[in-house]
Amino acid sequence: MTQIGIFGANGRMGLALIEAVQQSQHCQLGSAFVRASSPHLNQSIATLQPQAPGGSTFSSEQQLDTELDVLIDFTLPEGMLGHLQQAVANKTPMVIGTTGLSAEQMQALESASQSIPIVFARNFSVGVTLMLDLVQTAAAKLADEMDIEIFEAHHRNKVDAPSGTALAIGEAIAEAKGWDHDQVARYDRTQVHEAKSQQEIGYSVLRAGDIVGEHTAYFATMGERLELTHKATSRLTFASGAVRAAQWLKDKPNGLYSMQDVLGLKR
Ligand SMILES: NC(=O)C1=CN([C@@H]2O[C@H](COP(=O)(O)OP(=O)(O)OC[C@H]3O[C@@H](n4cnc5c(N)ncnc54)[C@H](OP(=O)(O)O)[C@@H]3O)[C@@H](O)[C@H]2O)C=CC1
Ligand SMILES: O=C(O)C1=N[C@H](C(=O)O)C[C@H](O)C1
């Protein structure tokens, strides 16, 4: 049995991860960590997640259990970096789904992967993992005059924008086109008083209600438009993917892995 430690265990994804671990035949909930200052510290997990093992309680992220096989982090960038240092100090593999990382934070994650094995994915669903491959095929095969735009929609509480998944889709397209993503990404057109350029990936964002996560890549030209869309309707989809990644990661050598590696979809 793989013993899993979950950071941010009281969050939306944390609670879904507890459920996914419970559903897994190969994993067990080792620890459900919350901040040392959290009102949930030492509380019964069942008060927030009825699927939790009976009698289990939230514990402090400052008291990492060395018996854990894999740590999972879906928090915020600053929190994730602290947890990453703890994982490196304990030599414990880590699955990371936190989005909104800066280039420097991403670099810190990459250098940590020289010391421990890490799976990092901005979307742990099977559908989006496949979509990253499909958009690369479309970008490489469709004519250069195709306009490329990416739309994403999420719940009102999401704090980063565009979503990590939207950026992953854009980066995959830029790679297939041989473009520098930072040069071609357009996040805001309000100050741009000119027509769309041929080498431009436009992003648009919607935040409303309880939308779990929707992404569309558009490839459009005169008279036709191809849309590739993924819609997640349950956080358990991401959580099950992350638990699958944790099980896969357990005995891997140090390095940075993607969900494409986990699912065997790497080109
Ligand atoms: N890769 C993927 O497939 C997916 C990624 N995500 C990403 O996961 C992350 C979490 O999303 P979600 O669960 O909706 O967010 P929530 O706000 O519901 O939960 C965030 C959790 O992180 C904790 N946290 C925040 N900051 C810190 C910190 N500095 N130190 C320690 N803990 C901290 C919070 O603790 P507290 O309550 O005490 O503030 C809370 O437990 C986001 O980055 C989101 O984009 C989400 C879905 C899928
Ligand atoms: O914050 C979320 O909810 C989600 N975040 C990830 C992202 O930023 O792409 C993945 C998913 O779409 C849900």
Side-chain angles (χ1 to χ4, degrees), residues 11-17 19-20 23 72-74 95-101 106 119-142 146-177 179 181 184-187 200-221 224-246 248 257-267:
R12 282 178 288 273
M13 276 305 297
L15 295 173
L17 284 160
E19 187 174 352
Q23 286 181 2
I72 304 183
D73 183 288
F74 285 67
V95 170
I96 300 174
T98 299
T99 59
L101 306 187
M106 194 56 220
V119 175
F120 172 67
R122 288 170 282 186
N123 195 306
F124 276 90
S125 71
V126 171
V128 163
T129 308
L130 181 62
M131 185 175 172
L132 293 175
D133 195 57
L134 296 177
V135 295
Q136 286 207 309
T137 301
K141 297 203 168 171
L142 292 172
M146 283 279 178
D147 294 323
I148 298 169
E149 291 280 314
I150 297 166
F151 168 78
E152 59 102 332
H154 284 87
H155 53 97
R156 63 160 70 119
N157 292 307
K158 184 163 178 61
V159 292
D160 56 316
S163 68
T165 308
L167 292 168
I169 292 168
E171 288 166 18
I173 291 172
E175 185 187 289
K177 287 280 188 198
W179 298 344
H181 178 262
V184 300
R186 176 80 75 188
Y187 302 111
E200 179 178 311
I201 300 177
Y203 288 90
S204 48
V205 170
L206 182 149
R207 293 285 174 268
D210 60 355
I211 301 168
V212 173
E214 302 185 1
H215 294 89
T216 299
Y218 296 85
F219 298 86
T221 190
E224 62 171 316
R225 181 169 79 231
L226 171 67
E227 299 180 10
L228 294 172
T229 295
H230 178 267
K231 294 184 184 185
T233 53
S234 164
R235 282 187 185 86
L236 204 50
T237 298
F238 310 128
S240 305
V243 170
R244 182 172 175 174
W248 178 90
Y257 302 98
S258 67
M259 197 56 186
Q260 286 170 312
D261 291 314
V262 175
L263 298 180
L265 292 174
K266 194 101 176 173
R267 275 171 192 247

**Q** If we only count heavy atoms from C-beta on, is the Asn157 to Arg12 side-chain gap below 4.5 Å?
**A**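 Answer yes - side chains close enough.
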**Q** I need the full list of salt bridge (Lys or Arg N to Asp or Glu O under 4.0 Å) pairs touching residues 120-137, with sequence neighbours left out, sorted by first then second residue.
**A**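 For residues 120-137: Arg122-Glu171, Asp133-Arg267.
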**Q** In Å, rounded to the nearest 0.5 Å, how long is the span from CZ of Phe74 to CD1 of Ile72?
**A**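 CD1 of Ile72 is found 7.0 Å from CZ of Phe74.
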**Q** Rounded to the nearest 0.5 Å, what's the gap from CG on Leu206 to NE2 on His155? Could you check?
**A**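 Here the rounded value is 12.0 Å.
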**Q** Heavy-atom distance under 4.5 Å between the side chains of Arg225 and Met146, does that happen here?
**A**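 The answer is no, as the side chains (C-beta and beyond) never meet within the 4.5 Å cut-off.
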**Q** Can you confirm whether Leu167 sits close enough to Tyr203 that some side-chain heavy atom of one is under 4.5 Å from a side-chain heavy atom of the other?
**A**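 Leu167 vs Tyr203: side chains touch.
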**Q** CZ of Arg244 to CE of Met259: how many Å apart, nearest 0.5 Å?
**A**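 Those atoms lie 6.0 Å apart.
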**Q** Glu214: what forms a side-chain contact (heavy atoms from CB on, under 4.5 Å) with it, not counting sequence neighbours?
**A**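 With neighbours one apart ignored, the set is Ala153, Ile211, Lys231.
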**Q** What's the shortest heavy-atom distance between Ala172 and Leu132, and which atoms?
**A**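 The pair with the smallest heavy-atom distance is CB-O, 4.0 Å.
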**Q** Compare all side-chain heavy atoms of Phe124 with those of Val262 and state whether any distance is below 4.5 angstrom.
**A**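 A side-chain contact under 4.5 Å is absent here.
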**Q** Could you tell me which non-hydrogen atom of Leu226 sits nearest to which non-hydrogen atom of Ala138, and how far apart they are?
**A**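 Shortest heavy-atom contact: CD2-CB, 4.3 Å.
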**Q** With Gln260, which residues qualify under side chain to side chain donor-acceptor pair (under 3.5 Å), at least two apart?
**A**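 Here no residue qualifies.
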**Q** Just how far is it from atom OG1 of Thr137 to atom CD1 of Ile173, taken to the nearest 0.5 Å?
**A**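 With rounding to 0.5 Å, OG1 (Thr137) is 11.0 Å from CD1 (Ile173).
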**Q** Check Leu17 against Ala242 and note the closest heavy-atom contact, atom names and distance.
**A**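 In terms of heavy atoms, the two residues are closest at CD2-CB, 3.8 Å.
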**Q** Where is the tightest heavy-atom contact between Ala20 and Ser240, given as atom of each residue plus distance?
**A**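 Residues Ala20 and Ser240, closest heavy atoms: CB-N, 3.8 Å.
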**Q** Are Arg235 and Leu15 packed together at the side-chain level, in the sense that at least one heavy-atom pair is separated by less than 4.5 angstrom?
**A**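 Sidechains of Leu15 and Arg235: no contact.
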**Q** Consider side-chain contact (heavy atoms from CB on, under 4.5 Å). Of Leu228, Val135, Ile169, which one does His215 pass it with?
**A**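 That would be Ile169.
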**Q** How long is the gap from CZ on Arg207 to NZ on Lys158, to the nearest 0.5 Å?
**A**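 Arg207 CZ to Lys158 NZ: 6.0 Å, rounded to 0.5 Å.
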**Q** Picking from Ile148, Val184, Leu142, Ile201, what satisfies side-chain contact (heavy atoms from CB on, under 4.5 Å) with Lys177?
**A**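 Exactly one candidate clears the test, Ile148.
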**Q** Going from OG1 on Thr98 to CZ on Phe120, what distance comes out if it is rounded to the nearest 0.5 angstrom?
**A**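 Going from OG1 on Thr98 over to CZ on Phe120, the span is 8.0 Å.
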**Q** So which atom in Val128 and which in Ser125 form the shortest heavy-atom distance, rounded to 0.1 Å?
**A**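 The pair with the smallest heavy-atom distance is N-OG, 3.1 Å.
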**Q** Can any side-chain N or O of Glu152 pair as donor or acceptor with the backbone N or O of Ser163 at less than 3.5 Å?
**A**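 Judged by distance alone, yes, a pair lies under 3.5 Å.
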**Q** I want to check something: taking the side chain as every heavy atom from C-beta on, are Met131 and Asn123 in contact at a cut-off of under 4.5 Å?
**A**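 In short, these two side chains do not touch, never coming nearer than 4.5 Å.
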